[in-house]
Amino acid sequence: MSQRIALTVQGAVMEVSPGIRPYDLELTPAHAVACKVDGEVVDLTRPLERAGAVDFLTFDDDEGKRVFRHSSAHLLAQAVKRLWPQARLGTGPALAEGFYYDIWLPEPLQESDLEQIERAMAEIVAEDLVIERVELEREQALALFAERDEPFKLEIIRRLPEAAVISAYRQGDFIDLCTGPHLPSTGWIKSFRLTNVSGAYWRGEETNPMMTRIYGTSFPEPAQLQQFFERQEAAKRRDHRKLGRELDLVSFFDDAPGFPFWHPKGQQLYRVLEGFSRDLQQQNGYQEVSTPWIYRVGLWQRSGHWDHYRDNMFVIDRDDQLMGLKPMNCPGHCLLFGAKTRSYRDLPLRLAEYSPLSRYERSGTLHGLFRVRGFHQDDAHLFVGEEQIGAEMKRVLELVDIVYRAFGMRYDVVFSTRPEDFLGDLSLWQQAESELESVLQRSGLKYRVNPGDGAFYGPKLDFHVIDALDRRWQCATVQLDFQLPVQFDLSYTDQEGKVRRPVIIHRAIMGSIERFLGILIEHYAGAFPLWLAPEQVRVIPITDGQAGYAAAVQGALRERGMRSAIDASNQKLGYKVRAAQLAKVPVMLVVGARDEAQGTVSVRSREVGDLGPRAWPDYLQELVSSAQAPLT
RNA sequence: GCUGACGUAGCUCAGUUGGCAGAGCAGCGGUUUCGUAAACCGCAGGUCGUCGGUUCGAGUCCGACCGUCAGCUCCA
């Protein structure tokens with residue numbers, strides 16, 4: 001057989017015999033875990049039959065990482081089957097940071113069982129079992145998994161489209177339904193650890209059986225596993241629940257689960273943040289209002305919340321009347337808009353509100369400041385004419401950019417379209433979606449479409465900010481609403497005297513201010529920039545001989561609106577400096593006898609350390625100007 | 001809400017086969033008056049999450065509830 005095929009391997013053209021495995025090509029890098037053949041990710045052991053382009057993937061590529069972790073999930077499943085033959089396999093995907101496998105077991109696992117599973121996994125790695133791809137006809141696949149008594153796998157096969165290629169991967173006595181690709185053998189998984197177990201419903205539905213989900217992570221090199229755990233520790237040190245307590249910002253009590261108690265410092269921080277938003281919005285033509293927090297149920301029925309959001313509402317039953325605490329401000333703002341005749345001259349009408357909102361969240365979902373039951377948003381509803389949507393959306397996108405830039409955060413945009421559980425008629429939805437999409441395209445922002453994830457009343461844009469540890473958080477949300485104006489029969493008179501229906505843009509930029517503060521705590525690791533820090537300056541007299549001078553320094557700081565404290569404790573300087581560093585106060589002003597005599601303050605920066613003495617009234621001006629909010 | 005784990009002083013944690021509830025830090029008092037990340041001595045601080053059960057005796061064993069944590073689900 002002299003027939004040869006031409007391959008373009010990593011850009012280099014070569015001729016090979018058909019059927020060769022990518023793994024056996026001369027150019028295969030030592031660290032390859034999978035490869036791409038004409039763009040399709042495949043096993044290193046998949047025979048190459050036709051001419052094409054071959055590119056290799058290593059663990060450093062996201063797709064390569066996925067292959068590695070997916071094979072790790074199979075390894076986990078095989079180990080569990082060895083230990084518990086009655087285990088039934090669900091699904092086991094790769095995650096960004098590792099993998100999991102959902103497995104049905106007669107008895108739920110405990111964390112202490114993980115060690116013996118890890119041991120069984122290590123044995124399978126030592127056996128270095130070849131991982132082999134098998135393609136099956138539908139009937140063969142059904143027969144195979146029926147014989148192996150894997151009901152969940154059978155369910156998956158039955159749901160596969162007619163035309164689907166059904167494949168399975170075999171390693172030793174273990175075989176799993178899987179599209180792959182996988183590593184060539186189990187011996188490649190040099191370094192892994194199981195991290196935790198939890199319950200998870202089959203296919204994510206509460207009515208389905210509860211599976212045991214086992215999480216783990218894996219790497220080609222032990223050092224990488226070590227680094228992974230170090231990163232986890234770093235994230236743990238920044239946890240806002242821990243820092244919130246340590247920095248005396250916020251706490252929770254059993255008596256009010258899901259409702260934060262803001263301590264003086266936390267409340268200060270909160271007010272600076274809210275003030276920043278308030279000033280910015282005022283400059284941008286928003287008008288702040290304050291509306292009730294309890295409404296009769298009729299309002300919620302009219303707004304659609306009763307049908308679509310009731311499970312998330314706190315409801316009060318008084319005097320045979322149902323009342324609901326507001327989870328959102330929109331219906332109140334609609335009442336205000338509709339309370340008088342409006343003309344095109346009033347539009348866009350931008351109503352902002354920072355009032356308390358409450359949402360009933362199931363107990364298991366509460367999570368520090370990230371998921372609470374009582375919170376506030378930097379919320380606004382923009383009542384606009386249809387022709388104003390584009391221009392107004394553009395202004396909102398600009399505002400979002402200003403806010404996130406102020407905190408040095410990058411962000412992604414997600415465009416979510418019509419969900420199954422939608423209100424109103426299809427044509428209005430289509431109009432709203434195309435309107436939003438064209439604004440997005442003109443803005444030049446990069447965005448991703450998330451079909452079916454919109455609110456029940458309209459399509460939306462979600463903004464995911466990226467924090468200092470590269471984690472993504474959903475904060476801003478901008479929702480176009482063609483439905484609520486109909487429910488509330490809102491109207492305005494246009495230039496020609498015709499009555500027209502306004503459109504509502506719901507928008508929040510920080511989203512929940514509580515949650516945003518939690519994100520900021522983690523983003524800054526509690527070391528807030530000067531303009532945000534609840535205590536901006538700590539004055540540290542070296543001995544109590546400088547009590548009077550320290551008080552004078554603080555007096556001057558107060559006069560210029562700087563937030564400060566004096567550490568008059570009976571301690572040595574080193575102790576007070578340490579205390580201020582641990583409290584993450586950005587600026588320390590050490591005042592000793594020398595400073596008092598010379599009219600100076602000895603400045604210490606939280607980040608840089610000792611900056612030496614500075615002439616006092618001059619330095620105050622410098623401090624004040626560097627404490628300005630980054631408004632532009 | 002569901003699965004699993006956890007709940008001891010303000011914080012971090014120890015507490016043996018069921019037998020007198022402990023430490024460090026923080027706090028308070030005193031001594032020291034000190035120049036850039038922890039001076040010294042002393043004092044005080046707990047209904048061991050709550051309620052019930054087993055036991056001569058429960059922080060420890062059992063049950064229910066509450067809360068927290070890791071997830072599921074949901075979402076700002």
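Ring to ring, A:W473 and A:F370 are close: their centroids are under 6.0 angstrom apart. A centroid separation of less than 6.0 Å is found between the aromatic rings of A:F152 and A:W202.
A:Q581 and A:R604 are linked by a side-chain donor-acceptor pair at a separation below 3.5 angstrom, with hydrogens and angles left out of the test. A:H506 and A:T477 are not linked by any side-chain donor-acceptor pair at a separation below 3.5 angstrom, with hydrogens and angles left out of the test.
Closest to the side chain of A:T365, out of B:U73, B:A70, B:U68, is B:U73. Considering only the side chain of A:N312, B:C74 comes nearest among B:G71, B:A76, B:C74. When each of B:G71, B:G1, B:A76 is scored by its nearest atom to the side-chain atoms of A:S363, the top-ranked nucleotide is B:G1.
A cation-pi arrangement is not found for A:R193 relative to A:Y215, the charged atom failing to lie both closer than 6.0 Å to the ring centre and inside a 45° cone about the ring normal. Remark: A:R278 qualifies as a cation-pi partner of A:Y354 under the 6.0 Å distance and 45° angle criteria applied to the six-membered ring.
Heavy atoms of A:K242 sit nowhere under 4.0 angstrom from any nucleic acid atom. Looking at heavy-atom distances under 4.0 Å, A:D254 makes contact with sugar-phosphate atoms alone, never a base. A:R245 comes within 4.0 angstrom of sugar-phosphate atoms only, judged by non-hydrogen atoms across all strands, and of no base.
With A:H240 as reference, A:L369 is the one residue of A:L247, A:I519, A:L520, A:L369 to meet the side chain to side chain contact (heavy atoms under 4.5 Å, CB included) rule.
Across the protein-nucleic acid pair, A:D379 atom CG and B:C75 atom P stand 18 Å apart, rounded to whole Å. Taking atom NZ of residue A:K236 and atom P of nucleotide B:U68, one finds them 19 Å apart after rounding to whole Å. Rounded to whole angstrom, the span from the NE2 atom of A:H464 across to the C1' atom of B:A76 amounts to 11 Å. One atom, CG of A:L95, and another, P of B:G71, lie 11 Å apart when rounded to the nearest Å. Rounding to whole angstrom units, CH2 of residue A:W202 and P of B:G71 are separated by 22 Å. Put simply, CZ on A:R472 is 18 Å from P on B:A76, counting in whole angstrom units.
No donor-acceptor distance shorter than 3.5 angstrom exists from the side chain of A:Q571 to the backbone of A:K576, with no hydrogens or angles considered. Counting only distance, with no hydrogens or angles, the side chain of A:D307 and the backbone of A:G304 share no donor-acceptor pair below 3.5 Å. Of the possible polar contacts, one joining the A:R238 side chain to the A:E522 backbone as a donor-acceptor pair under 3.5 Å is found.
A salt bridge links A:K236 to A:E233: one of the charged nitrogens lies within less than 4.0 Å of a carboxylate oxygen. The residues A:E392 and A:R507 are annotated as not salt-bridged, no charged nitrogen and carboxylate oxygen being separated by less than 4.0 angstrom.
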Original post:
What string of B, S and - do you get for nucleotides 34-43 of chain B 5' to 3' if you count protein non-hydrogen atoms under 4.0 Å?
Top reply: BBBBBB----
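Phosphate proximity of B:A76 to A:H506: absent, as no side-chain N or O sits under 4.0 Å from OP1 or OP2. Regarding contacts with the backbone of B:A70, a side-chain N or O of A:R241 is found under 4.0 angstrom from either OP1 or OP2.
Spacing between B:C74 and B:C61 at atom C1', rounded to whole Å, works out to 38 Å.
Base-pairing analysis of RNA chain B finds the following stems of at least three consecutive Watson-Crick or G-U pairs, with both pairing distances under 3.5 Å: B:1-7 with B:66-72, B:10-13 with B:22-25, B:27-31 with B:39-43, B:49-53 with B:61-65.
Listed by residue number, the members of residues 510-521 of chain A with any heavy atom below 4.0 angstrom from RNA chain B are A:S512, A:R515.
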